[in-house]
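Heads up: the structure comes next, in structure tokens.
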Amino acid sequence: MKILVTGTAGFIGFHLARRLLERGDEVIGVDNVNNYYDTRLKEARLEGLRDFQGFTEVRQDIADREAMAALFRLHQPQRVAHMAAQAGVRYSIENPNAYVDSNLVGFMNILEGCRHNRVEHLVYASSSSVYGANETMPFSVQDNVDHPVSLYAASKKANELMAHTYSHLYQLPTTGLRFFTVYGPWGRPDMAPFIFTRKILAGEPIDVFNFGHHKRDFTYIDDIVEGVVRTLDHVAQPNPHWSGLHPDAASSKGPYRLYNIGSNNPAELSRFIEIIEEKTGKTAEKNYLPMQPGDVPATYADVDSLIADVGYKPETSLEEGLGRFVDWYRAFYGV
Ligand SMILES: NC(=O)c1ccc[n+]([C@@H]2O[C@H](COP(=O)([O-])OP(=O)(O)OC[C@H]3O[C@@H](n4cnc5c(N)ncnc54)[C@H](O)[C@@H]3O)[C@@H](O)[C@H]2O)c1
């Protein structure tokens, strides 16, 4: 298949593209390699994809309407896996406009490209952050998600709403995946696993927000990629039982689906730090702090519908996954 993957210089997009190329798909990879974090890491990921014959690299901004229309016209992808976005909850407090450009304008350009070029299936990255102020655990796709606590979360919820209108109006099959804290080799330098590992290895103190009581449904990258590939292969269908009288939140009369994708096994931040200490063989100096604006105290994914529909099964324990992350980090940075 010919698949457009956006965000291929990014953590998840890179792993996903590599997996699709390994199984023989053709991948058109789009990324603007912006400097939200170290571009050397992004370039190194891309370098790893260039070895594959089926990889076509396109360096452009998804918010550029004309360029995106031209890209779809030229390449005519059969399916689209949209991973590019301005990620990060805390940065959305500092630079909200970046989220409007990449996550709203960029998403719109993806939808238009899919619509005008009869793409068979659009799978896009949403986020556990849409659950915002919700406290009922585990988070279910049936929950009301009208109370985001960051603009990042609001932009992801907006993507789900925008996708629904395109599924409804143009019968564009769309599937949104709400990712829950993804970690693993080639991970993101702005996220806790990376920051903690870097600082612990360098002997620097770490900031532990919410006094270490945060709970996160940490999900290993290979489990995420397996779920995304299975979802991409499982084209969203209209739900014939959908009723406007009792609306199911995760499907529709149109070909629209929404799933959580997490490990379904949350861990406390303090346990997470303990494992990094074990894997690095060093003890962290901890600077305990209160919760940050935009943060939520806990996430926990109900993944039953993804199990039922595509046979998703997260397999990697936190101990195993963090071990692989620390090994990768030490090899990549030579520390
Ligand atoms: N990693 C997680 O834990 C997590 C959790 C929930 C949701 N997500 C979502 O999953 C997706 C992938 O996340 P990630 O962790 O790989 O992040 P990432 O920042 O590593 O990757 C995103 C990539 O998109 C690119 N990009 C951003 N704006 C762009 C633009 N306007 N034009 C072209 N390229 C652009 C960036 O350069 C980057 O390489 C994102 O949509 C993110 O919001 C990630």
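Both counts, for ligands and for their atoms, begin at 1 and track the order of listing. Nothing fancy with the numbering, it's 1 onward along the sequence.
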Side chain, backbone, both or neither: which part of Tyr152 comes within less than 4.0 Å of ligand 1 when only heavy atoms are counted? side chain

Between Arg90 and Glu94, is the closest basic N to carboxylate O distance under 4.0 Å? no

Under 4.0 Å between heavy atoms, the region of Val33 that gets near ligand 1 turns out to be backbone

Which residue and non-hydrogen atom of the protein lie closest to atom 28 (N) of ligand 1, and at what distance in Å? Ser102 OG, 3.2 Å

Does a side-chain N-to-carboxylate-O contact under 4.0 Å join Glu120 and Lys2? no

Looking at ligand 1, does any of its N/O atoms fall within less than 3.5 Å of an N/O of Val30? no

Heavy atoms only, cut-off 4.0 Å: how does Met191 contact ligand 1, side chain, backbone, both, or neither? side chain

Does the distance from a Lys or Arg side-chain N to an Asp or Glu carboxylate O, for Glu160 and Lys156, drop under 4.0 Å? no

For the student: nearest non-hydrogen atoms of Gly212 and Tyr288, plus distance: N-CD2, 4.4 Å

Measure the acute angle between the ring planes of Trp186 and Trp328, then classify it against the limits of 30° and 60° as parallel, tilted or perpendicular. tilted

Distance under 4.0 Å to a non-hydrogen atom of Thr181: what atoms of ligand 1 satisfy this? 3 (O)

Give me the residue, atom name and distance of the protein heavy atom closest to atom 12 (C) of ligand 1. Met83 O, 3.2 Å

Considering only non-hydrogen protein atoms, determine which one is nearest to atom 32 (N) of ligand 1 and report residue, atom name and distance to 0.1 Å. Ile62 N, 2.9 Å

Any nitrogen or oxygen of Lys42, main chain or side chain, under 3.5 Å from a nitrogen or oxygen of ligand 1? yes

Is it true that Glu274 and Lys279 have a side-chain N and a carboxylate O under 4.0 angstrom from each other? no

Does NZ belonging to Lys313 count more than 12 external heavy atoms closer than 6.0 Å? no

Given Val89, Asn159, Asn32, Asp61, identify the one with the heavy atom nearest to atom 35 (C) of ligand 1. Asn32

Do ligand 1 and Gly10 have nitrogen or oxygen atoms that lie under 3.5 Å from each other? yes

Do me a favour and list the nearest non-hydrogen protein atom to atom 5 (C) of ligand 1 with residue, atom name and distance? Phe179 CB, 3.7 Å

For atom 20 (O) of ligand 1, closest protein heavy-atom neighbour: Tyr37 OH, 2.5 Å

Of all the non-hydrogen atoms in the protein, which one sits nearest to atom 16 (O) of ligand 1, and at what distance? Ile12 N, 2.8 Å

My understanding is that we take every heavy atom of each candidate and find the minimum distance to atom 27 (C) of ligand 1. Doing that for Ala85, Gly106, Ala98, Ala84, which one comes out nearest? Ala85

Quick check with a 6.0 Å cut-off and a 45 degree axis cone: is Arg330 positioned over the face of Phe325's six-membered ring? no

When every non-hydrogen atom of Ala84 is compared with those of Thr6, the smallest separation belongs to N-OG1, 2.9 Å

Closer than 4.0 Å to some heavy atom of Gly7 - which atoms of ligand 1 meet that? 23 (C), 24 (O)

Which of the numbered atoms in ligand 1 are under 4.0 angstrom from any heavy atom belonging to Ala9? 39 (O)

Using 4.0 Å as the upper bound for N to carboxylate O, is an ion pair formed by Asp25 and Arg79? no

State whether Phe11 and Arg188 meet the cation-pi test: NZ (Lys) or CZ (Arg) under 6.0 Å from the six-membered ring centroid, and within 45° of the perpendicular axis. no

Would you mind telling me if ligand 1 is within reach of the side chain of Ser126, the backbone, both or neither, using heavy atoms under 4.0 Å? backbone

Classify the ring geometry of Tyr183 against Phe218: parallel below 30°, tilted from 30° to 60°, perpendicular beyond 60°. perpendicular

Relative to the heavy atoms of Ala125, which atoms of ligand 1 are at a distance of less than 4.0 Å? 9 (C), 10 (O), 11 (C), 41 (O)

Between Tyr37 and Lys42, is there a cation-pi geometry (under 6.0 Å to ring centre, at most 45° from the normal)? yes

min-distance protein heavy atom vs atom 3 (O) of ligand 1 -> Val182 N, 2.7 Å

With respect to Asp31, determine whether any N or O atom, backbone or side chain, lies less than 3.5 Å from an N or O atom of ligand 1. yes

Have a look at Gln60, His15, Arg188 and point out the one with the heavy atom closest to atom 14 (P) of ligand 1. Arg188

With under 30° as parallel and over 60° as perpendicular, where do the rings of Tyr152 and Tyr99 fit, or are they tilted in between? perpendicular

Between Lys156 and ligand 1, find which residue part has any heavy-atom pair under 4.0 Å and reply side chain, backbone, both or neither. side chain

